Structures are given as structure tokens and as C-alpha cells.
Number of protein chains: 2
Amino acid sequence: MTEEEPEPVRRRPGGRAARVRQAVLAAAMEVLAEEGIARLSIAEVAARAGVNETTVYRRWGSREKLVLDAMLVGSDEGIPVPDTGDVRTDLAAFARALAEYLATPTGRSVAREASLSSEDPDLAAAWHTFWQSRLDQAGAIISRAVERGELPADTDAALALELLCSPLQTRSLLGHRPIEPDLPERLTDLVLDGLKEKR
Amino acid sequence: MTEEEPEPVRRRPGGRAARVRQAVLAAAMEVLAEEGIARLSIAEVAARAGVNETTVYRRWGSREKLVLDAMLVGSDEGIPVPDTGDVRTDLAAFARALAEYLATPTGRSVAREASLSSEDPDLAAAWHTFWQSRLDQAGAIISRAVERGELPADTDAALALELLCSPLQTRSLLGHRPIEPDLPERLTDLVLDGLKEKR
DNA sequence: CACTTAATGCAAGCCATCCTGCGTTAAGGT
DNA sequence: ACCTTAACGCAGGATGGCTTGCATTAAGTG
């Protein structure tokens with residue numbers, strides 16, 4: 001098992017290959033937004049990209065990997081992380097942005113696809129990285145609040161955000177209940193203050 | 001479009017039909033627990049039930065409906081709802097039970113399948129009923145706490161339970177992070193007390 | 001410009017899922 | 001015991017996702 005490559009297989013990053021990749025990923029995002037995750041077939045994506053079906057199968061292998069790749073590239077902007085100087089305002093804004101994203105066809109599809117591909121260890125790992133980077137970004141809200149003395153120093157940022165976000169994700173995933181407009185605010189209040197009244 | 005049936009088609013609830021239904025649903029649960037949701041095919045279930053493939057297709061129509069039916073029948077015991085006289089203890093025990101259930105192959109499959117079939121309105125509605133009945137049962141924990149004066153009267157039981165349960169569901173669904181043994185307790189504390197220290 | 005060879009296109013085929021027509025079995029009524 | 005017919009089994013076939021072999025195109029190099 002030599003880790004080095006004896007013959008440095010000459011790759012071709014420029015020109016056609018890049019164009020094809022671009023076109024396919026764009027087409028995948030397009031189908032994802034319009035048709036949803038269920039009706040996304042390789043055939044459909046290939047047709048829209050003006051590329052042969054075989055090419056897609058050879059380059060990506062499976063539908064899951066294609067969608068994941070499209071996500072990592074296309075949905076790179078992510079959810080904006082506000083910084084207003086107040087935890088409650090920040091968290092509420094973040095939750096609202098997440099809710100809006102999850103209401104998007106694309107957002108729904110992303111969440112759905114992530115849950116679908118949690119069987120394959122490689123894909124699960126890739127999604128883990130994806131979520132982790134988002135969580136780390138949002139963690140700044142908590143750490144800033146700790147610095148300002150709004151929250152105790154031993155606050156678990158990851159868990160707190162999980163508490164805030166997962167109800168939204170669950171509603172989007174299971175789809176049995178809509179996300180009401182005031183839900184982000186109510187969740188924020190609950191997460192910050194807890195159930196017990198004591199002020 | 002007459003809603004009534006002119007000829008009262010004589011159903012046959014007894015005997016073979018019932019046996020077949022029983023055998024197929026049992027086989028479905030079995031496959032679900034052993035193989036997982038991904039590898040559950042009609043052919044596999046039919047073979048285990050000793051029934052022809054065609055029969056399953058005709059009676060249930062799709063894989064999703066079959067699994068849903070199996071869930072509604074087989075997983076009817078549900079999560080036990082404790083009543084110890086203390087909210088924190090009750091909630092923690094409930095969360096722990098849910099976590100254990102979600103760690104089960106069957107539990108994982110149930111959550112997975114529910115998210116898969118949230119496209120079809122009929123299936124989504126059926127799952128909504130399913131979750132709703134579970135939530136209503138667990139809601140007793142909150143209402144009892146309110147009666148005891150442990151929680152304010154305007155506590156939203158459904159939202160509170162959602163806050164407690166959805167992190168567990170999300171971890172199970174997205175599968176990118178395991179459910180640590182102390183997570184239920186930590187969630188319970190967070191839900192009850194909130195992030196801010198004020199005691 | 002000529003050459004090598006990734007990368008793509010095209011066509012055929014495989015496989016599992018799912019459907020359809022028809023004959024057979026057995027449940028429920030007489 | 002007999003009849004009617006709902007429910008089932010069986011065989012064949014359509015469909016869609018996925019793979020494979022071979023010809024063609026064009027990127028990178030001298």
C-alpha cells in the first residue's frame with residue numbers, strides 16, 4: 001500500500017471537464033429547487049446539463065454523492081450570523097434565517113438528503129463536516145454573549161444551538177407541522193429562559 | 001360521484017386475509033429491525049411472510065404505506081410516560097427512553113421512514129396523527145407539573161416536548177453525531193432552566 | 001502541428017422494482 | 001353441500017436506475 005502515486009496521472013482540470021462539472025452541479029441545484037429531492041434523477045440532471053448520463057454516473061457514482069457535491073459548492077453562502085450586541089436578538093435572527101432557509105425547496109431538500117445519506121459512512125462524515133462548519137460559525141453568537149457576561153462561562157455553545165435549531169429541522173424533515181412565523185422567537189425565549197418562570 | 005356504495009361489497013375480514021396481513025406486517029417489522037429501512041424491499045418482505053409479491057403490491061401499493069401500516073400496528077406500545085411526581089425526573093426519564101428507542105434499529109427506521117414519506121400528503125397526515133398521539137400522551141408530564149405548581153400555567157406543553165425531543169430525533173436522523181448517555185439529562189436541565197443562570 | 005490519453009458520447013444490456021391478465025383458492029352466504 | 005366472488009398465486013412484461021465496451025472528442029505536451 002504505497003501512498004505515493006508512481007505514475008503521476010496527468011489530470012485535466014481546465015476546459016471541458018470543468019465546464020461539465022459546473023453545468024452538472026448547476027443543473028442538480030436547479031432540479032433540487034424545482035422538483036425536490038424525490039424526483040431528482042441522474043437522467044434529469046444530465047439532460048438539463050446537456051451532458052450524457054454516463055458521464056454523471058462515472059464522475060459522481062451515485063445520486064447522493066452528486067447532491068452532496070452540489071450542496072458543498074452551491075449552498076456555500078450559508079445562514080448569516082448576526083452580531084447586534086444582544087444574545088436574544090442574535091439568536092432570534094439566526095433562528096429566523098434558518099427557518100426561512102428550511103422553508104425553501106432547496107433548504108428542505110438539503111435537510112432531507114442529509115438524512116437519507118446517513119447510512120453511508122463516507123457521506124455521513126461529509127455531512128458532519130458540513131453541519132459542523134455551520135455550527136462553528138453560529139457558535140460565535142454564544143461566545144460573544146459569554147464575553148459580554150450575558151451567559152455563564154461554561155455554556156455549551158454547540159448544545160445550545162442544537163436546542164434552538166433542531167426543532168426547526170425536525171419540523172422541516174418530518175413535515176407534519178408547519179413552522180409558524182413566531183416559532184423562532186418562541187424557541188429563542190425558551191432556550192434562554194427555560195420553562196420555569198423565575199425572574 | 002356518489003359517495004355511498006350501491007352494492008355493499010362483501011368484505012372478508014376473517015381467515016386468510018387476516019392471516020396474510022398479519023404475516024406481512026410481522027415480516028416487515030422483522031426486516032425493518034434487521035436490515036434497516038434502506039434494504040427493505042417488497043420482495044424481501046413477501047418472501048419472509050411466505051406470500052406472493054403481487055399480493056403485497058395490491059394490498060399496500062407502495063413500500064412507504066406498508067412500513068407506515070406496520071408502524072401503526074407493531075410499534076403501538078410507544079415510549080413509556082413516567083409519573084414520579086417531579087418534572088425534572090419525569091422529563092429526563094422520558095428523554096432517556098426516547099433516546100434508547102432511537103438507538104434501536106427499529107427506532108432509527110421509524111424516524112427515517114417518517115422523513116422519507118413526508119412528500120405524500122396522505123402519508124404525512126398519517127404520520128402527523130402518529131406523532132400527535134405520542135405527544136399528547138407525553139403532554140401529561142407537563143400538565144401534571146403545572147397542576148403541582150412546578151411550571152407556569154401558560155406553559156406550552158407541545159413546544160416544550162418538542163424542544164426536548166427534537167435534538168434527539170435530529171441526531172438520529174442526520175446521524176452525524178451519536179447520542180451521548182448523558183444527553184437526555186443535559187437537555188432536560190436546559191429545557192427547564194434555560195441558558196441563563198439565575199438561581 | 002502532431003501525439004498521447006483523459007474525458008465524454010453512444011449503444012447495448014443487466015437488474016430490481018413494479019404492474020397486468022388470467023387461472024386458482026377459499027371465505028361467506030344460501 | 002353448493003354457489004358466488006374476494007383474495008391470492010403465477011407468469012409474463014414494462015419501466016427506470018445503473019453498468020459496460022467501444023468509438024470519438026479535445027486537453028495537455030513536446
Side-chain angles (χ1 to χ4, degrees), chain A residues 5-28 31-32 35-70 109 112-113 116-117 119-120 122-123, chain B residues 5-28 31-32 35-70 113 116-117 119-120 122-123:
Chain A
E5 311 174 36
E7 300 179 11
V9 185
R10 299 185 309 188
R11 293 286 151 202
R12 302 182 180 186
R16 186 170 59 164
R19 275 199 307 278
V20 167
R21 178 183 159 83
Q22 175 78 14
V24 170
L25 292 183
V31 176
L32 215 62
E35 308 287 338
I37 199 74
R39 268 176 289 279
L40 184 144
S41 67
I42 301 285
E44 173 75 11
V45 172
R48 292 212 192 192
V51 163
N52 194 281
E53 215 177 324
T54 318
T55 301
V56 181
Y57 277 114
R58 271 199 278 250
R59 280 178 71 99
W60 282 275
S62 73
R63 208 205 47 158
E64 289 80 17
K65 292 179 186 171
L66 169 62
V67 175
L68 173 63
D69 202 5
S109 296
R112 192 72 45 81
E113 183 64 26
L116 280 181
S117 50
E119 297 284 349
D120 187 324
D122 292 344
L123 290 176
Chain B
E5 309 173 35
E7 300 179 10
V9 185
R10 298 188 309 191
R11 293 288 151 200
R12 303 182 180 185
R16 184 169 61 164
R19 275 199 307 277
V20 167
R21 179 184 158 82
Q22 175 78 14
V24 170
L25 292 183
V31 176
L32 216 62
E35 309 286 337
I37 198 75
R39 268 176 288 281
L40 183 144
S41 68
I42 301 284
E44 174 76 11
V45 173
R48 293 212 192 191
V51 162
N52 194 279
E53 215 176 324
T54 318
T55 301
V56 181
Y57 278 114
R58 269 198 277 252
R59 280 178 71 100
W60 283 276
S62 74
R63 208 204 46 158
E64 289 80 16
K65 292 178 186 171
L66 169 61
V67 174
L68 173 63
D69 203 6
E113 184 64 26
L116 278 180
S117 52
E119 296 283 348
D120 188 325
D122 292 343
L123 291 177

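Since we're looking at a predicted model, the values are computed, not measured.
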As an exercise, state the distance from CG of Leu116(B) to CD1 of Ile37(A), rounded to the nearest 0.5 Å. 10.5 Å
Taking all atoms of both residues into account, what is the closest heavy-atom pair of Ser109(A) and Gly36(A), and its distance? OG-CA, 3.9 Å
At how many degrees, to 10°, do the end axes of the helix from dC1(C)-dG30(D) to dT30(C)-dA1(D) meet when each uses five pairs? 40°
Give a yes/no on whether any side-chain N or O of Arg19(A) is located under 4.0 angstrom from OP1 or OP2 of dT8(C). no
Would you tabulate the side-chain donor-acceptor contacts of residues 19-26 of chain B under 3.5 Å, counting partners in other chains and residues two or more places apart, or write 'none'?
{"residue": "Arg21(B)", "atom": "NH1", "partner": "Asp69(B)", "partner atom": "OD2", "Å": "3.0"}

Within the pair Asn52(A) and dT8(C), is there a side-chain N or O less than 4.0 Å away from OP1 or OP2? no
Selection from dA7(C), dA27(C), dG9(C) that lies nearest to any side-chain heavy atom of Ala17(A): dA7(C)
Which pairs count as salt bridge (charged side-chain N to carboxylate O under 4.0 Å, His left out) when at least one residue sits in residues 50-65 of chain A, sequence neighbours excluded? Arg63(A)-Glu113(A)
Which residues pass the side-chain contact (heavy atoms from CB on, under 4.5 Å) test with Asp122(B), not counting sequence neighbours? Asp120(B)
Tell me, please, which residues at least two apart from Arg48(B) pass side-chain hydrogen bond (donor to acceptor under 3.5 Å, both in side chains). Glu30(B), Glu34(B), Glu44(B)
Can you tell me how far CD1 of Ile42(A) sits from OG1 of Thr54(A), rounded to the nearest 0.5 angstrom? 11.0 Å
For the residue pair Val45(A) and Ala27(A), what are the closest heavy atoms and their distance? O-CB, 3.7 Å
Restricting to nitrogen or oxygen on both sides, can you table the protein-nucleotides 16-23 of chain C pairs closer than 3.5 Å?
{"residue": "dC18(C)", "atom": "OP2", "partner": "Tyr57(B)", "partner atom": "OH", "Å": "2.8"}

